[in-house]
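So the structure is just underneath, and the comments pick up after that.
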Amino acid sequence: MRSPDGGPEVPAEVFLAVRDLAKSFGRLGLFRGVSFELSPGEALVVTGRNGSGKSTLVRILCGLLRPTRGSIEYRVGERLVPGRDVKRLVGLVSPDLVLYEELTLLENLRFFARVRGLRRSDRELQTLLTQVGLESEGARRAGTLSTGMRQRLRFAHALLHEPPVLLLDEPTANLDDAGVAMARACMARQRSRGILVVATNNREELELGDQILRLGG
């Protein structure tokens, strides 16, 4: 697996350990006592009622939010990964990902690659668009995409750096049957080479998890 900067390979053997995690916003407590460990080839499905903190937990795992209490450790072999480097290991599919509507799909991916410090050719980016079912849409402006096509582009963004940890927040939302098949194929590939975390209330997706974490009782 290439490193995010296009340099030497990043080891795929990444491990995730979460211990006694809690998150509150003021007096509002979302969850507490969340603990789990994941190794390469394992998947965690996070489920729970709306407002239970599924999306918040995903954001904490990728370093966008800080927990109120507890610890998150990413390790490559025996080496602890500093918090500033976690983004090098993690890919995120989230409804909050901002797309630049005036740019084409290829231009969006070029921009995201530069932000990550990646060296990716247009041919590589086109291959990625093909993987998510957007092979004929590279020259299309993102502002003209349907909600389902936007979700496919979010998958392409998350997979740009071939992350050993893939975090998915409601990954099949707004996808048609073909899009759901694409998403499931991406999840299956991820499980074959790394760690997968899926936040969802879709009952069919519960079957993806080696572990099930239910938030909110």
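In this chain, numbering begins with 1 at the start of the sequence shown. Since the model is a prediction, treat every value here as computed from it, not as a measurement.
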Excluding sequence neighbours, so at least two apart, what forms salt bridge (Lys or Arg N to Asp or Glu O under 4.0 Å) with E137?
R140

Interatomic spacing from CZ in R141 to CG in L99 - rounded to 0.5 Å:
14.5 Å

Side chain to side chain, D122 and R110, heavy atoms closer than 4.5 Å:
yes

Is there a side-chain contact between L153 and V132, using heavy atoms and a 4.5 Å cut-off?
no

Rounded at 0.5 Å granularity, tell me how far CG in L65 sits from CD1 in I60.
6.0 Å

With a 3.5 Å distance limit and no angle check, can you tell me whether Q190 reaches the backbone of G41 through a side-chain donor-acceptor pair?
no

Tightest non-hydrogen contact, residues G216 and R49, listed as O-NE, 3.8 Å

Which heavy-atom pair separates S39 from I195 by the least distance, and what is that distance?
O-CG1, 3.5 Å

Nearest 0.5 Å, what's the CD-CZ distance between E124 and R119?
10.5 Å

Considering residues at least two apart in sequence or located in another chain, which fulfil the side-chain hydrogen bond (donor to acceptor under 3.5 Å, both in side chains) criterion with T147?
none

Taking the side chain as every heavy atom from C-beta outward, state whether I212 and R214 have any pair of such atoms under 4.5 Å apart.
yes

If a pair satisfies ring-ring contact (aromatic ring centres under 6.0 Å, His included) and one of its residues is in residues 18-50, list it, with sequence neighbours excluded.
none

Decide yes or no for V86 and V165: does some side-chain heavy atom of the first lie under 4.5 Å from some side-chain heavy atom of the second?
no

Any carboxylate oxygen within less than 4.0 angstrom of a Lys/Arg side-chain nitrogen, looking at K54 and D169?
no

Report yes if some heavy atom in the side chain of L30 is under 4.5 Å from a heavy atom in the side chain of T68; otherwise report no.
no

So L213 and L57, side-chain contact (heavy atoms from CB on, under 4.5 Å) or not? Walk me through it.
CA-CA 11 Å; L213 173 62; L57 177 58; 3.7 Å; yes

Could you tell me whether the side chain of Q126 and the main chain of E135 form a donor-acceptor pair under 3.5 Å?
yes

Can you tell me which residue pairs pass the salt bridge (Lys or Arg N to Asp or Glu O under 4.0 Å) test with a partner in residues 174-183, sequence neighbours excluded?
R152-D176

Nearest 0.5 Å, what's the CD1-CZ distance between I72 and R19?
11.0 Å

Are V58 and V46 side-chain neighbours, meaning at least one heavy-atom pair lies under 4.5 Å?
no

Rounded to the nearest 0.5 Å, what's the gap from CG on L125 to CG on L160? Could you check?
6.5 Å

L92 side, atom CG; L64 side, atom CG - distance, nearest 0.5 Å:
6.5 Å

Which heavy atom in P163 sits nearest to a heavy atom in G91, and how many Å separate them?
CB-N, 3.4 Å

Check for me, please, whether F15 and Y74 land in the same ILVMFWY cluster - side-chain distances under 4.5 Å, paths through other members count.
no

Minimum-distance pair of heavy atoms, taken over all atoms of A43 and L38:
C-CD2, 4.2 Å

Please walk me through it: do M182 and Q131 pass side-chain contact (heavy atoms from CB on, under 4.5 Å)?
CA-CA 8 Å; M182 176 279 299; Q131 181 178 329; over 6 Å; no

Single-linkage hydrophobic cluster V198~L206, side-chain heavy atoms < 4.5 angstrom
yes

Search all heavy atoms of G148 against all heavy atoms of L175 and return the closest pair with its distance.
O-CD2, 3.4 Å

Any side-chain donor near an acceptor of the partner, D20 and S35, under 3.5 Å
no

Residue set satisfying salt bridge (Lys or Arg N to Asp or Glu O under 4.0 Å) with R154, at least two apart, ordered chain then number -> none

One thing to verify: whether E162 and R193 come together as a salt bridge, which I'm taking to mean a side-chain N less than 4.0 angstrom from a carboxylate O.
no

If the condition is side-chain hydrogen bond (donor to acceptor under 3.5 Å, both in side chains), which residues does E101 pass it with, not counting sequence neighbours?
R150

Sequence neighbours left out, what passes side-chain hydrogen bond (donor to acceptor under 3.5 Å, both in side chains) with D210? Give chain and number order.
R191

Of all residues at least two apart in sequence or in a different chain, which pass the salt bridge (Lys or Arg N to Asp or Glu O under 4.0 Å) check with R32?
none

Same cluster or not: are V18 and L80 linked, directly or through other Ile, Leu, Val, Met, Phe, Trp or Tyr residues, by side-chain heavy atoms under 4.5 angstrom apart?
no

Mark yes or no for whether H161, through its side chain, and A113, through its backbone, hold a donor-acceptor pair below 3.5 Å.
no

Under 3.5 Å, side chain of S24 to main-chain N/O of R27, donor-acceptor pair present?
no

Is it the case that the side chain of Q151 and the backbone of P171 share a donor-acceptor pair, with hydrogens and angles ignored and the cut-off at 3.5 Å?
yes

Considering only residues two or more places apart or on different chains, which pairs with a residue in residues 115-158 satisfy ring-ring contact (aromatic ring centres under 6.0 Å, His included)?
F112-H157

Taking the side chain as every heavy atom from C-beta outward, state whether L159 and L128 have any pair of such atoms under 4.5 Å apart.
yes

By side-chain hydrogen bond (donor to acceptor under 3.5 Å, both in side chains), which residues pair with T200, not counting sequence neighbours?
E205

Kindly say whether M149 contributes a backbone atom to a donor-acceptor pair with the side chain of S146 at under 3.5 angstrom?
yes

Do S55 and E170 have side chains that approach each other closer than 4.5 Å (heavy atoms only, starting at C-beta)?
no

Output all residues satisfying ring-ring contact (aromatic ring centres under 6.0 Å, His included) with Y100, sequence neighbours left out; order by chain, then residue number.
F111

Can you sort out the partners of E204 under salt bridge (Lys or Arg N to Asp or Glu O under 4.0 Å), two or more places apart, ordered by chain and number?
R184

